[in-house]
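Here is the structure we will look at.
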Amino acid sequence: MAKIYLQVEVLLLTGTNFSAGNWVKKDDDPAGRQPSEIERLQEACWNGLLKTMLPELWINPPNGAILYLWEVKEAESFLALELGEAPLPIDPRWSLTPRAFLSIQNHN
């Protein structure tokens, strides 16, 4: 029997009060450059703060495995996060990303 892996897709809308939050930086930028709102949000996600930022959204896999952040895709108005036990492709029919499901939508 094939193992079933848990995959989670999260969309974080940018340009909102949530995305403009004051996320903690691990290291100071030696060049003194101020990162944009999207860059700060991406950095917070890569640094493992997603569970802290959105605890009600976090899912613990039933088999005791660990969810890893595999990819962060930047779009014009959101960040698409792909989490899972293994880096598997997401089926476009079940994806939250508008580009994925709009491309397979039937047009009458």
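Worth knowing before you read on, the calculation uses all heavy atoms, side chains too, and leaves out hydrogens, waters and symmetry mates.
- In this structure, Val10 is a member of the same hydrophobic cluster as Met53, with clusters built from ILVMFWY side-chain heavy atoms closer than 4.5 Å.
- With sequence neighbours excluded, the residues satisfying side-chain contact (heavy atoms from CB on, under 4.5 Å) with Glu39 are Arg33, Pro35, Ser36.
- Looking at heavy atoms from C-beta onward, Trp58 lies in side-chain contact with Leu50 at the 4.5 angstrom threshold.
- Distance check, rounded to the nearest 0.5 Å: OG1 of Thr14 to CG of Leu41 gives 8.0 Å.
- Residues passing the ring-ring contact (aromatic ring centres under 6.0 Å, His included) test with Trp70, sequence neighbours excluded: Tyr68.
- Take Glu85 and apply the side-chain contact (heavy atoms from CB on, under 4.5 Å) test, not counting sequence neighbours, and it matches Lys3, Tyr5, Leu6, Pro61, Asn63, Ala65, Leu67.
- With sequence neighbours excluded, no residue satisfies side-chain hydrogen bond (donor to acceptor under 3.5 Å, both in side chains) with Gln7.
- For the side chain to side chain contact (heavy atoms under 4.5 Å, CB included) with Leu11, the qualifying choice from Leu96, Leu79, Leu81 is Leu96, the only one to do so.
- Note on residues 56-65: no pairs pass salt bridge (charged side-chain N to carboxylate O under 4.0 Å, His left out), not counting sequence neighbours.
- Judged as a salt bridge (charged side-chain N to carboxylate O under 4.0 Å, His left out), not a single pair has a partner in residues 57-71 (not counting sequence neighbours).
- Of all non-hydrogen atoms in Cys45 and Leu12, the two that sit nearest each other are SG-CD1, 3.7 Å.
- Hydrophobic clustering (ILVMFWY, side-chain heavy atoms < 4.5 Å, transitive): Leu69 and Ile38 are in one cluster.
- Under the rule for a salt bridge (charged side-chain N to carboxylate O under 4.0 Å, His left out), Lys51 has no partner lying at least two apart in sequence or in another chain.
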